Amino acid sequence: MAAPMPPLPPQFKSLQHHLRTAQEHDKRDPVVAYYCRLYVMQTGMKIDSKSPECRKYLSKLMDQLESLKKQLGDCDSITQEIVGSAHVENYALKMFLYADSEDRAGSFHKNMIKSFYTASLLLDTLSVFGELTEENVQHRKYARWKATYIHNCLKNGETPQSGPIEDEEYDESNEEDGASSQSYQGPGRSSSTYQPGNMPNANYSGIHIPPGAHAPANTPAEVPHNTGVEINTIAHPTPQNIPSVDPSLYSSKTQDDVRLTPEDIARAQKYCKYAGSALQYEDISTAVQNLQKALLLLTTGRE
């Protein structure tokens with residue numbers, strides 16, 4: 001049995017929710033749990049790697065990460081950074097979409113608040129793969145602000161306003177004073193049915209969620225058994241409208257005058273990742289759309 005971790009040093013208080021998210025996902029999604037701990041490790045070293053208590057904690061955490069890595073074996077999400085990044089990003093965005101759809105429906109409850117806040121923590125975690133995209137920075141700010149805003153409204157007996165609030169500054173600086181310090185001690189009871197297949201793909205006042213941004217088939221915030229919350233499952237294949245494919249793409253070759261930039265290549269990779277992720281849900285339409293976008297970009301240099 002692995003040795004228990006020492007208490008989290010006070011210097012790492014800002015990382016306590018990332019660590020709790022890792023613990024909540026140990027069985028639900030070990031890949032997400034691994035990268036949450038890696039984030040705690042990397043960020044903790046930047047905060048304090050010299051004091052005895054922090055060095056001891058980080059050393060134990062490093063041992064735990066090595067053990068987790070061995071347990072996960074040849075998992076592509078661990079051995080290939082681009083796959084791991086897509087896994088965590090898609091999981092976070094799916095959680096964001098769930099919370100946003102509940103918010104826009106005026107369905108305010110603890111499980112939705114937890115999903116908003118956990119999505120923001122997972123977007124933090126993406127920094128282990130490099131600098132966050134501007135889109136994900138905006139997702140994180142909005143999700144964290146929404147979690148705190150709705151929590152405080154419910155706490156004060158007020159009715160929250162659904163969706164983005166015009167001219168509102170989404171401030172991440174006060175998260176310790178709001179929902180994050182009070183609402184995320186464990187799974188919340190949801191008052192709604194979580195239906196993975198019905199997530200909207202929309203533009204949230206400048207916050208763009210890429211189509212096909214699917215996460216693994218997990219509930220966004222763990223729902224206790226026997227709470228009456230239903231998880232929508234697919235018992236039979238659902239007929240889908242498959243988009244027509246541009247015939248010119250069947251025999252496409254990169255045009256001679258096209259010079260693809262590293263950013264173009266990265267976008268094409270992302271479209272392919274979204275396509276593969278969509279197929280996990282048998283979402284053929286989204287997969288086809290994203291693959292066509294990747295082919296168009298690679299052969300013409302434009303989208």
Side-chain angles (χ1 to χ4, degrees), residues 29 31-32 34-35 38 72 74-97 100 119 122-140 196-197 199-217 237-303:
D29 192 317
V31 170
V32 168
Y34 173 83
Y35 283 115
L38 183 59
L72 292 169
D74 295 328
C75 175
D76 287 346
S77 293
I78 300 298
T79 60
Q80 300 180 42
E81 279 197 357
I82 191 168
V83 180
S85 176
H87 184 107
V88 177
E89 181 180 26
N90 292 344
Y91 191 101
L93 292 179
K94 191 65 174 287
M95 192 173 286
F96 179 98
L97 283 170
D100 187 78
L122 294 178
L123 290 168
D124 282 341
T125 300
L126 286 175
S127 65
V128 304
F129 303 104
E131 188 176 353
L132 294 187
T133 65
E134 182 57 32
E135 284 182 345
N136 282 336
V137 170
Q138 293 302 316
H139 297 154
R140 181 181 64 183
M199 296 300 148
N201 290 315
N203 189 295
Y204 307 104
S205 293
I207 299 176
H208 176 65
I209 303 298
H214 297 290
T238 303
Q240 300 184 40
N241 294 320
I242 309 301
S244 59
V245 178
D246 183 351
S248 66
L249 293 175
Y250 287 127
S251 57
S252 291
K253 294 183 180 180
T254 302
Q255 297 174 5
D256 293 337
D257 58 343
V258 172
R259 295 291 182 268
L260 297 175
T261 66
E263 290 76 16
D264 291 332
I265 299 296
R267 285 203 302 275
Q269 288 177 324
K270 208 160 207 177
Y271 284 134
C272 291
K273 287 186 293 180
Y274 289 147
S277 188
L279 288 174
Q280 293 180 6
Y281 286 86
E282 300 181 5
D283 187 351
I284 309 302
S285 176
T286 297
V288 170
Q289 290 172 9
N290 280 284
L291 288 173
Q292 287 190 88
K293 288 179 181 179
L295 279 172
L296 182 64
L297 179 58
L298 292 172
T299 55
T300 68
R302 57 183 175 81
E303 296 182 66

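The residues of the chain are indexed from 1 along the displayed sequence. Only this structure's heavy atoms are used, side chains among them; waters, hydrogens and symmetry mates stay out. Given the structure is predicted, the values throughout are model-derived calculations rather than measurements.
Considering every non-hydrogen atom in both L126 and S85, the closest pair reads CD2-O, 3.7 Å. Counting all heavy atoms, side chain and backbone alike, C272 lies closest to A294 at SG-CB, 3.9 Å. Residues A268 and L297 share a closest heavy-atom pair of N-CD2, 3.7 Å. Heavy atoms only, all atoms of each residue included: L260 and G301 are closest at CD2-CA, 3.8 Å.
Of the listed residues (Q292, K293, Q289), just one forms a side chain to side chain contact (heavy atoms under 4.5 Å, CB included) with Y271, and that residue is K293.
Side-chain contact check for L93 versus N136: some heavy-atom pair is nearer than 4.5 Å.
Looking only at distances, a side-chain donor or acceptor of D264 sits under 3.5 Å from a matching main-chain atom of T261. Between the side chain of D100 and the backbone N or O of F96 there is no donor-acceptor pair closer than 3.5 Å.
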Check your understanding: Can you check side-chain contact (heavy atoms from CB on, under 4.5 Å) on H87 and D29, steps first, answer last?
Key -> CA-CA 10 Å; H87 184 107; D29 192 317; 2.9 Å; yes
Exercise for review: Check the pair L298, I265 against side-chain contact (heavy atoms from CB on, under 4.5 Å), reporting the backbone distance first and the verdict last.
Suggested key: CA-CA 7 Å; L298 292 172; I265 299 296; 4.2 Å; yes
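Taking CG of L123 as the start and CD of Q138 as the end, the distance is 11.5 Å to the nearest 0.5 Å. Rounding to the nearest 0.5 angstrom, the gap separating the NZ atom in K94 from the CG atom in L122 is 14.0 Å. Of the inter-residue distances, the one linking S127 atom OG with R140 atom CZ reads 8.0 Å to the nearest 0.5 angstrom. Residue E135 holds its CD atom at 8.5 Å from CD of E89, rounded to the nearest 0.5 Å.
With sequence neighbours excluded, the residues that form a ring pair (Phe, Tyr, Trp, His ring centres under 6.0 Å) with Y35 are F129. Listed by chain and residue number, T79, Q80, V83 satisfy the side-chain contact (heavy atoms from CB on, under 4.5 Å) test with D76 (two or more places apart in sequence, or in another chain). Listed by chain and number, the residues in a side-chain hydrogen bond (donor to acceptor under 3.5 Å, both in side chains) with E131 amount to none (sequence neighbours excluded).
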